[in-house]
Number of protein chains: 2
Amino acid sequence: MPNPLVRKLENFVRLSPEEKQALERIAQPTRRLGAREDVIRDGERPRHVNVVLEGWACRYKQLEDGRRQVISIFLPGDLCDPHVFVLRNMDHSLGTLTPVVLAEIPETAIRDVAQEYPRLAEALWWEMLMTAAIQREWTVSLGQRLATERLGHLFCELFLRLRAVGMTSETSCEFPITQADLGDAMGLSTVHINRTLKELRAEGLIRLRGRQLTIPDFPALRAASLFDPAYLHYERDPSVSDAD
Amino acid sequence: MPNPLVRKLENFVRLSPEEKQALERIAQPTRRLGAREDVIRDGERPRHVNVVLEGWACRYKQLEDGRRQVISIFLPGDLCDPHVFVLRNMDHSLGTLTPVVLAEIPETAIRDVAQEYPRLAEALWWEMLMTAAIQREWTVSLGQRLATERLGHLFCELFLRLRAVGMTSETSCEFPITQADLGDAMGLSTVHINRTLKELRAEGLIRLRGRQLTIPDFPALRAASLFDPAYLHYERDPSVSDAD
DNA sequence: GCTCAAACTTAACTTGGGTTAGTTCAGTGC
DNA sequence: GCACTGAACTAACCCAAGTTAAGTTTGAGC
């Protein structure tokens, strides 16, 4: 099973064997957590950059009165903030949604690798900018899209992000999170998530049973959700030859 | 009138005269736009980094069916994406809300200045991370907060951001955008923005007339909106002496 | 194969906010 | 002074999504 961080970055730049090795060296498993545990909490001082190697995690923020918003979802290969250190304290928490294996990378290791391999530095930039683009798209979803569009859009996004790290079949992927988590992420109540899933199922746009999501007709779901994958920027740099 | 970019960055690091001069040199006015014009449109290729010197601007995304979400608001001193160039095409538009004066900085100029002055590089990192933190907070607002909290929270945020560039009095600031724009930013209809403003006014939490916003009792508005300024990270680096 | 808890599902009812369709107000141009 | 325009404001009605309060399914642990 290849390193998901390597797989992810290869969607943007072609990496040499040495570059891949350098990445794999710094992204080794160092911490295992169960489902629903905190990686780091709001207010704490970050000690390393976390990379998800296995499982699903999230950024979230809890309001004083208990309301909780999941701000981002992290899939295998995702980096949680390559440059957290600049700000001294976390302004949100990181938690797991499923059991998770993390690579905890020290500040210096990231810096060194970026210094030595400029193409890796560029790939890390791409990853940061794409993360920001996803955050913006969530803003659009929460601000403008109806519940069916919101969920459909999220399914499209997560399916493509999982495909980018080789974790999908033709039309299906693992989908291991609960309806309550989906609600916290999309700003909807659990009950309404359930209603909305029922509707999407009834229209034949998705199948979702156990921990398995199937999108039988991606273009159909895409159209129903006004999903435009451009913001994911999965185009390889044309200045890098595709021939190896 | 000092350069707002300099003022903003000084909230995080203390800058030497040479550092200030270097910033001022690259952040010179190069483009003037009227209200409601586009700086750059979705799909276009960015040519420079934009810094707002005067006026208010925004990031926005327009859906096929006309719905529009304002994704971020840019105030004087704000940089629109120091590293857009990595992604080849814009996945959203930048537009003005009022007449605006921009500094258009070439990619290389930013890079050079960051290379020569490491403290400026760090300040630019801080600015990027704070922008991301603001985006996350908007996600929380749109997902969890009621209309009154949402608007109150936005007023608190914008007031503090304006104060950081010296554009407030004790309790007031310019507030030059329309209720329709507020609606597009907070995912609410214009009508409901109006109702909600009425409510906030009735509770004595804000005054808003003409283009002037007054927050007579900031702690009260803060409490009513569950606003916690920690995410703005306006703490000066403690490793830098406060004595000049 | 039984127990227990978490996750899922549903129905009935309520509410926050959207929609439609205006009126009023404040500039601006002439 | 009057027309014109864009913004601010309001009322009546409607609907998407929240809330409450169940019942049902699933699966881990024994």
Side-chain angles (χ1 to χ4, degrees), chain A residues 34-37 56 63 65-70 96-99 141-154 174-203 206-213 224-225, chain B residues 34-37 56 63 65-70 96-99 141-154 174-203 206-213 224-225:
Chain A
R36 251 148 256 293
E37 289 184 37
W56 291 27
L63 301 188
D65 62 6
R67 281 176 281 176
R68 166 182 143 110
Q69 177 68 36
V70 167
T96 62
L97 297 170
T98 69
S141 275
L142 292 174
Q144 301 297 330
R145 291 193 246 262
L146 298 170
T148 46
E149 299 168 327
R150 245 185 253 190
L151 269 180
H153 198 279
L154 182 68
E174 290 278 301
F175 203 86
I177 68 176
T178 67
Q179 296 185 1
D181 291 328
L182 275 178
D184 286 347
M186 298 321 266
L188 297 166
S189 67
T190 314
V191 174
H192 200 57
I193 290 285
N194 192 279
R195 280 198 281 254
T196 307
L197 287 174
K198 190 179 172 185
E199 198 180 326
L200 289 173
R201 267 191 287 248
E203 289 170 27
I206 59 157
R207 262 170 290 152
L208 181 58
R209 280 214 21 105
R211 335 255 70 172
Q212 192 78 11
L213 170 68
S225 319
Chain B
R36 252 146 256 294
E37 289 184 37
W56 292 26
L63 302 187
D65 62 7
R67 281 176 281 177
R68 166 182 144 112
Q69 177 68 37
V70 167
T96 63
L97 296 169
T98 70
S141 276
L142 293 174
Q144 301 297 328
R145 291 193 245 263
L146 298 170
T148 46
E149 300 169 326
R150 244 186 253 189
L151 268 180
H153 198 280
L154 182 69
E174 291 277 301
F175 204 86
I177 67 175
T178 67
Q179 297 185 1
D181 291 327
L182 275 178
D184 287 346
M186 298 320 267
L188 297 167
S189 69
T190 313
V191 174
H192 201 58
I193 290 285
N194 192 281
R195 279 197 281 250
T196 307
L197 287 174
K198 191 178 170 185
E199 199 179 326
L200 289 173
R201 265 191 288 246
E203 291 171 25
I206 61 159
R207 263 171 290 151
L208 182 57
R209 282 217 14 109
R211 337 253 71 171
Q212 193 79 9
L213 169 70
S225 319

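Throughout, protein chains are lettered first and strands after them, A, B, ... in sequence-line order, and every chain is numbered starting at 1.
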**OP:** Give the rounded distance in Å between these two atoms: CG of B:Leu197 and P of C:dG17.
**Re:** 13 Å
**OP:** Could you tell me whether the phosphate oxygens of D:dA8, OP1 or OP2, come under 4.0 Å of any side-chain nitrogen or oxygen in B:Asn194?
**Re:** no
**OP:** Would you mind reading off the distance between A:Leu182 atom CG and D:dG18 atom P, rounded to a whole angstrom?
**Re:** 13 Å
Subject >> Gap separating the CG atom of B:Asp184 from the OG1 atom of B:Thr178, nearest 0.5 angstrom >> reply: 8.0 Å
Subject >> A:Gln144 side chain vs B:Gly187 backbone, donor-acceptor pair below 3.5 Å >> reply: no
Original post:
To the nearest Å, how far apart are B:Ile193 CD1 and C:dG17 P?
Top reply: 10 Å
**OP:** Figure out the CZ/P separation between B:Arg211 and D:dG6, and round it to whole Å.
**Re:** 14 Å
Original post:
What's the CG-P distance between A:Asp184 and C:dA7, to the nearest Å?
Top reply: 12 Å
Subject >> Check: C:dG18 base within 3.5 Å donor-acceptor of B:Arg195 side chain >> reply: yes
Subject >> Contact nearer the 5' end of DNA chain C, comparing B:Val191 with A:Ile177 >> reply: A:Ile177
Subject >> A:His192 side-chain proximity, nearest of C:dA7, C:dG17, D:dA17 >> reply: D:dA17
**OP:** Using whole Å, report how far CG of B:Leu142 lies from C1' of D:dA16.
**Re:** 17 Å
Original post:
Relative to the 5' end of DNA chain D, which residue comes earlier, A:Ser189 or B:Gln179, by the nucleotide with the nearest heavy atom?
Top reply: B:Gln179
Subject >> Residue closer to the 5' end of DNA chain D, A:Gly187 versus A:Arg209 (nearest nucleotide) >> reply: A:Gly187
Original post:
In terms of side-chain heavy atoms of B:Leu188, which of C:dG18, D:dA7, C:dA7 is nearest?
Top reply: C:dG18
Subject >> Proximal nucleotide (of D:dA17, D:dG18, C:dC8) relative to the A:Leu146 side chain >> reply: D:dA17
Original post:
Is there a side-chain polar atom (N or O) of B:Lys198 under 4.0 Å from OP1 or OP2 of D:dT10?
Top reply: yes
Subject >> Atom-pair distance (CG on B:Leu97; C1' on D:dG6), nearest Å >> reply: 16 Å
**OP:** May I ask you to check whether B:His192 and B:Arg195 show a side-chain donor-acceptor distance below 3.5 Å?
**Re:** yes
Original post:
Looking only at side-chain N and O atoms, does B:Arg150 come under 4.0 Å of OP1 or OP2 in C:dG16?
Top reply: no
Original post:
Taking all non-hydrogen atoms of both residues, which atom of A:Leu208 and which atom of A:Arg201 are closest, and how far apart?
Top reply: O-NH1, 2.9 Å
Subject >> Separation of atom CG in A:Leu208 from atom C1' in C:dT9, rounded to whole Å >> reply: 13 Å
Original post:
Does a nitrogen or oxygen in the side chain of A:Arg145 sit under 4.0 Å from OP1 or OP2 of D:dA16?
Top reply: no
Subject >> Nearest atoms (heavy-atom pairs only) where A:Arg145 meets B:Leu63 >> reply: NH1-CD2, 3.6 Å
